[in-house]
Protein chains: 2
Amino acid sequence: MNKRSITIKDLAAELRLSITTISRALNGYSDVGEATRERVREAAKKHGYRPNRNAQRLVTQRTRNIAWVQSDNDKKFVDPHFSEVMAGVLRGARLEGYDIVLTSDTTEHQLDVYNRYVQDNSVDGFVIDLPQHDDPRINFLLETGKPFIVHSRNKRCDEYSWVDVDNPGNYRKLTQLLIANGHKNIAFVNGDARFTFAHARQKGVDQALEELGLPASTVITFNATHPMANSGFQLTQLAMQHKDITAILYSSALMAVEGQAALLPAGRVPGQNIAIATMDDMLSYLDLSPYEGVFTFVRSSLRVAGEKLVTGLIAQCENTSARTQTIVPSQFSLAVDIDPSALETL
Amino acid sequence: MNKRSITIKDLAAELRLSITTISRALNGYSDVGEATRERVREAAKKHGYRPNRNAQRLVTQRTRNIAWVQSDNDKKFVDPHFSEVMAGVLRGARLEGYDIVLTSDTTEHQLDVYNRYVQDNSVDGFVIDLPQHDDPRINFLLETGKPFIVHSRNKRCDEYSWVDVDNPGNYRKLTQLLIANGHKNIAFVNGDARFTFAHARQKGVDQALEELGLPASTVITFNATHPMANSGFQLTQLAMQHKDITAILYSSALMAVEGQAALLPAGRVPGQNIAIATMDDMLSYLDLSPYEGVFTFVRSSLRVAGEKLVTGLIAQCENTSARTQTIVPSQFSLAVDIDPSALETL
DNA sequence: TTCCTCTACTAAAACGTTTTGGTAAACTCG
DNA sequence: CGAGTTTACCAAAACGTTTTAGTAGAGGAA
């Protein structure tokens, strides 16, 4: 039970070397003889020695910990999109030898935990997911000067590091593509408008209409209020009340798939009498193979975004002046009933 | 930027007290004058002093960190059920002043990260979710003697702490309830059989049949292989190929809801010509209000389970001999077409 | 030989706490 | 008044590392 772990002192005693030499041997310094280094390595392996993380952190002032703070009563926590980003973050962190410290705040005292972490040396930096337009977490962290990175952008985005997808561009193109294929009545099933990503997508749609000189009524938007299972179904049902709609533009493939159950009773068959287009975040939770060539996708991996978030943040932790401002690329994959030539002229 | 945080020494200097007194004042020791304690408190607040977590951890040998290790290529990560348990864990941890350290392993070297954490003093204990029948993580942690707690039970469950729901009991009762209401051909849409929870539920179903002397063919089981969006839909479609089925028993309400889209085309209406029964994990991702009185539920909150997991584990971390072996209670909520009297005789 | 350089090592300080084992002064009581 | 007790403080050690500022000795050059 709870036996004390082996320490650098134990190794030093056993090998009749100073703890300095043990430390420097294991950390790859050149002022250690090769024979000695080998002896140290072997003894360390034999005893399963690992440096005490807390002692290391105390002396180096670096924790190799990254904070992810999740709002306790926040529905977005349970959204599969969250899990996908997190999976990428975890992978990136593991490869770099970092750990993720996950906590929840209370919405009333959202900044408390950020403040605590800044003060008590628990973490080197923060990942912020799903920012809002005037996000208090971003404002706070900018003030403290602690490293952080944001998934998506808000209005202060040139002051901090971020990883994002080209939301306006993607949705502008999807909209123009649908219009070029003859669709004049489009439903746009979008996410919660409080979040920057949903706002950016709406902007892309609006821009497309403006460029083509079409009235705003060409697209009717339906906003999800919370990420909920089957919200795609419910919003699609709403959209189906507008009989003249011939295309639906979704904000997530999950919603698009859920929406299928609302299409059938309305006599709509994707690719035949209705066109479906959506962003595909490449959720591993969602099998899209049945919809290949049936839906039009613009694909970009949230998992990759997660990995880029964490590597960007780590770069900044290790070199304070490093800034990451990266657009994760997207690929189009068109439904068979969509004429691809329209895409080239965009 | 990166300005050094204020330390106990700074406070001592400012107040012309020893660091001992500062420490003991803030930690509530009785050998500090009330006036002094107040002075210390005020100065600490004024400067936003927080003890350096790593120094604390080094000297106390306790981290107030709990590890949750997630398999990297594991689909279960993206399952909304995971998020719900995690939400509970985070809440419990926050209330007790603990943080969660989240990492991923690689499936090939699953135990590496457990081993590292045991050796390098990163965490005080581990939470293990979704154990398998002969789970190597459990075997390993039992050997090391490090505190851990398991969500669900496997065959060695009297050797460790766990939190679980009465899976066999609940599914025995649901099965008997359906049979008592005249259903002789039941589909059982169950989870992945590798996991103990799915196995335990199957056992409950089997036991019900045995007790009633009914043939095993009364219930046909359909196992999910991965947690996937819409797997409830696909498995329900499969079940609908058996025309004589009059009741479906699901392993999760999410699957039950997804299955709805497969029922309609088969001419089935819940509560009229088909009975639906399921466990309800009270996912905040899922709105079940439309199915109240339509499905039969046995309800138990995964979020509560998560909270109990973390408080049980913390108790064990702080007092090595403490063991938690808790069944989270379940409540029945019957569909209107189900005769409740059958339940009382069980 | 002497001086210099290079190799291979080390003692001690530092990181910021908590805890142990005190003590000096102030009170209490017979 | 003096002995004992209580109150309110503190110096120093400890936790387990990394890093700084060395040194002793071997080898080479003149």
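All heavy atoms count here, side chains included; hydrogens, waters and symmetry mates do not. Reminder, nothing fancy here: chain letters follow the sequence lines and each chain counts from 1.
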Practice task
Taking only the side-chain nitrogens and oxygens of B:Asn27, find out if one of them lies under 4.0 Å from OP1 or OP2 of C:dT18.
Solution key: yes

Handout entry: A:Thr311 vs A:Glu96 side-chain heavy atoms within contact, under 4.5 Å
Key = yes

Problem - For B:Lys46, all residues meeting salt bridge (Lys or Arg N to Asp or Glu O under 4.0 Å), sequence neighbours excluded - result: B:Glu14

Exercise for the section: Identify whether any heavy atom of B:Ser30 sits under 4.0 Å from a base atom; if not, whether one sits that close to sugar-phosphate; answer base, sugar-phosphate or nothing. Expected result: nothing

Fill in the blank from the handout: Taken to the nearest whole Å, CZ/A:Arg57 to P/C:dT17 is 16 Å

Completion exercise
Sorted by chain and number, sequence neighbours left out, ring-ring contact (aromatic ring centres under 6.0 Å, His included) with A:Phe148 holds for A:Tyr160

Practice task
Say whether, by atom type as modelled, one donor and one acceptor occur between the side chain of B:Arg53 and the main chain of A:Asp120 under 3.5 angstrom.
Solution key: no

Practice task
Before accepting this row, confirm whether a basic side-chain N of the pair B:Glu42/B:Lys45 lies closer than 4.0 Å to the acidic partner's carboxylate O.
Solution key: no

Exercise for the section: Using atom CD1 of B:Ile8 as one end and atom P of C:dT19 as the other, report the distance to the nearest whole Å. Expected result: 11 Å

Completion exercise
Between CG of B:Asn121 and C1' of D:dT17 the distance, given in whole Å, is 12 Å

Practice task
Look at the side-chain N and O atoms of B:Thr21 and state whether any lies under 4.0 Å from the OP1 or OP2 oxygen of D:dC10.
Solution key: yes

Exercise for the section: Assign B:Ile19 to base, sugar-phosphate, or nothing according to its heavy-atom contacts below 4.0 angstrom with the strands shown. Expected result: base

Completion exercise
side-chain contact (heavy atoms from CB on, under 4.5 Å) filter on A:Arg39, not counting sequence neighbours, yields A:Leu15, A:Leu17

Practice task
Go through the structure and list residues passing side-chain hydrogen bond (donor to acceptor under 3.5 Å, both in side chains) with B:Gln316, not counting sequence neighbours.
Solution key: B:Ser161

Problem - Residue list, side-chain contact (heavy atoms from CB on, under 4.5 Å) with A:Val304, at least two apart or on another chain - result: A:Ser301, A:Lys308, A:Val328

Exercise for the section: Mind checking side-chain contact (heavy atoms from CB on, under 4.5 Å) for A:Asp10 and listing every partner two or more places apart, or none if nothing turns up? Expected result: A:Arg4, A:Ile6, A:Thr7

Problem - Value in whole Å for how far the P atom of D:dT23 lies from CG of A:Leu17 - result: 21 Å

Handout entry: Closest-nucleotide 5' rank along DNA chain D - winner of A:Lys9 and B:Gly33
Key = B:Gly33

Problem - D:dT18 phosphate, OP1 or OP2, under 4.0 Å from A:Ser23 side-chain N/O - result: yes

Handout entry: Counterpart residues, side-chain hydrogen bond (donor to acceptor under 3.5 Å, both in side chains), relative to A:Tyr49 (two or more places apart)
Key = none

Handout entry: Residues that B:Gln110 engages under side-chain contact (heavy atoms from CB on, under 4.5 Å), provided they are two or more places apart
Key = B:Ser71, B:Asp105, B:Pro136, B:Arg137

Problem - Rounded interatomic separation in angstrom, taking CD1 from A:Ile22 and P from C:dA11 - result: 12 Å

Exercise for the section: Select from A:Gln56 and B:Glu34 the residue whose nearest nucleotide in DNA chain D is closer to the 5' end of that strand. Expected result: B:Glu34

Handout entry: DNA chain C contacts made by residues 58-65 of chain A, counting heavy atoms under 4.0 Å
Key = A:Leu58, A:Val59, A:Gln61

Handout entry: Between P of D:dT17 and CG of A:Leu26, the distance in whole Å
Key = 10 Å

Practice task
State which residues pass ring-ring contact (aromatic ring centres under 6.0 Å, His included) with B:His47; sequence neighbours excluded, sorted by chain then number.
Solution key: none

Completion exercise
Per atom distances to the A:Ser18 side chain, the nearest of C:dA11, D:dC9, C:dT18 is C:dA11

Nucleotide N/O to protein N/O under 3.5 Å, stretch nucleotides 21-27 of chain C:
none

Handout entry: B:Glu38 CD to D:dA8 C1', straight-line distance once rounded to whole Å
Key = 16 Å

Problem - Contact list for DNA chain D against residues 45-54 of chain B - heavy-atom distance below 4.0 Å - result: none

Exercise for the section: Ignoring backbone atoms, test whether A:Tyr29 places a side-chain nitrogen or oxygen under 4.0 Å from the OP1 or OP2 oxygen of C:dA8. Expected result: no

